[in-house]
Amino acid sequence: MAFGFRYNSTTCLACYACQVACQESHGLGEGEYFRRVELREVVKDGRRISIPYSGACNHCKNPYCVKACPTGAMHQTEEGFVLHDDGLCIGCGACVWNCPYGAVSFSERRGVTQKCDGCVERQEQGLPPVCVEACPTRSLRWGDLDYFQRTDGAEMPALSFLPAPTLTEPKTRVVCKKKEEEP
């Protein structure tokens, strides 16, 4: 079973609850984020509109950041999480430059790169990631990607501001359509 994030932009309020919860729970400094909420411009029905987007590490099946890391600080677990070992990081930024999602950042304060860890310690306790728990509209969820595919449909819309999913095989499904019923 492959687990990952599901994000529904049609129900997101851009309230930043996910971003703030993540920042606070990980003790990140001012301007440091593992999850970022942004308004992104897209063309819909011939007009430009802004949609909210909550982005973080997608824990890709084919992570470019891991391939680019010269020390092994950025690595992938057997469970598929892409994690970062601060002790091995030399702060070169190769992972930052190679992540096509902009999900890896450099901490000036700590001198190392940093990113979402999927709240793996919480998940080991049977708890969802803090960003998912903080979302008041359930726009951000964590679960079985096969289940999300069955309920959302196999084809996800291509979003102009995200790379093609075939590039890194992200473990995130972005939904940009309203559904009659959410489970």
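This chain uses plain numbering: 1 for the first residue, then up along the sequence. Here the structure is a predicted model, which means the values were calculated and not measured.
Applying the ring pair (Phe, Tyr, Trp, His ring centres under 6.0 Å) test to F161 and every residue at least two apart in sequence or in another chain returns Y53.
Smallest separation of non-hydrogen atoms from P129 and G118: CG-O, 3.7 Å. Taking both residues in full, the closest heavy atoms of K115 and A103 are given as CB-O, 3.7 Å, listed atom of the first, atom of the second, then distance. For the pair V104 and C65, the tightest heavy-atom approach, listed with the atom from each and the gap, is CG2-CB, 4.4 Å. S54 and C18 get closest at one heavy-atom pair: OG-SG, 3.3 Å. Between C60 and P63, the closest heavy-atom pair is O-CD, 3.4 Å. The two residues H26 and D117 come nearest to each other via the heavy atoms NE2-OD1, 3.4 Å.
None of D146, D152, D144 except one satisfies the salt bridge (Lys or Arg N to Asp or Glu O under 4.0 Å) rule with R6; the exception is D152.
A donor-acceptor pair under 3.5 Å is absent between the side-chain atoms of T11 and the main chain of T137, judged by distance alone. No donor-acceptor distance shorter than 3.5 angstrom exists from the side chain of E32 to the backbone of Q23, with no hydrogens or angles considered.
Cluster membership check: Y7 shares its hydrophobic cluster with V42, using side-chain heavy-atom separations under 4.5 Å among Ile, Leu, Val, Met, Phe, Trp and Tyr. Cluster annotation: L145 is connected to Y147 through the hydrophobic network of ILVMFWY side chains, with a link wherever side-chain heavy atoms come within less than 4.5 Å. Linking ILVMFWY residues whenever their side-chain heavy atoms come closer than 4.5 Å, directly or via other members, leaves V130 and V20 in distinct clusters. L127 and L83 fall into different hydrophobic clusters, defined by Ile, Leu, Val, Met, Phe, Trp and Tyr side-chain heavy atoms under 4.5 Å apart, directly or through other members. At a threshold of 4.5 Å between side-chain heavy atoms, the hydrophobic network of Ile, Leu, Val, Met, Phe, Trp and Tyr places V174 and I51 in one connected group.
Counted within 6.0 Å of CD on E41, heavy atoms from surrounding residues, nucleotides or ligands total more than 12; the atom is thus considered enclosed.
Y64 forms part of a hydrophobic cluster together with L167, judged by ILVMFWY side-chain heavy-atom separations under 4.5 Å.
Here the straight-line distance linking atom CD of E124 with atom CD of E79 works out to 8.0 Å at 0.5 Å rounding. One distance of note links OG of S107 with CG of L28; it measures 8.0 Å at 0.5 Å rounding. The line from CD of E169 to NE2 of H59 is 15.5 Å long, rounded to the nearest 0.5 Å. For the atom pair SG (C119) and CZ (F34), the distance works out to 9.0 Å, reported to the nearest 0.5 Å. Here the straight-line distance linking atom NE2 of H75 with atom CG of D85 works out to 6.5 Å at 0.5 Å rounding. One finds the CE atom of M74 at 8.0 Å from the SG atom of C99 (value rounded to the nearest 0.5 Å).
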| task | Kindly indicate, with the supporting measurements, whether the criterion side-chain contact (heavy atoms from CB on, under 4.5 Å) is fulfilled by F3 and K171. | result | CA-CA 7 Å; F3 282 84; K171 292 181 192 158; over 6 Å; no
| Evaluation steps, side-chain contact (heavy atoms from CB on, under 4.5 Å), between N8 and R138 | CA-CA 8 Å; N8 188 337; R138 295 190 73 215; over 6 Å; no
| Chi angles and distances behind the side-chain contact (heavy atoms from CB on, under 4.5 Å) call for L140, R35 | CA-CA 11 Å; L140 189 59; R35 176 165 292 284; 3.5 Å; yes
| task | Take E133 and R122, measure what side-chain contact (heavy atoms from CB on, under 4.5 Å) needs, and give me the verdict at the end. | result | CA-CA 11 Å; E133 192 172 75; R122 285 178 54 89; 3.1 Å; yes
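No side-chain donor-acceptor contact under 3.5 Å links Y101 and T172.
Note: W142 and F81 have parallel aromatic rings, judged against thresholds of 30 and 60 degrees for the angle between ring planes.
Contact check for N58 versus T168: no side-chain heavy atoms found under the 4.5 Å cut-off. Residues H84 and T113 form a side-chain contact, since some pair of their non-hydrogen atoms from C-beta on lies under 4.5 Å apart.
A salt bridge links E38 to R40: one of the charged nitrogens lies within less than 4.0 Å of a carboxylate oxygen.
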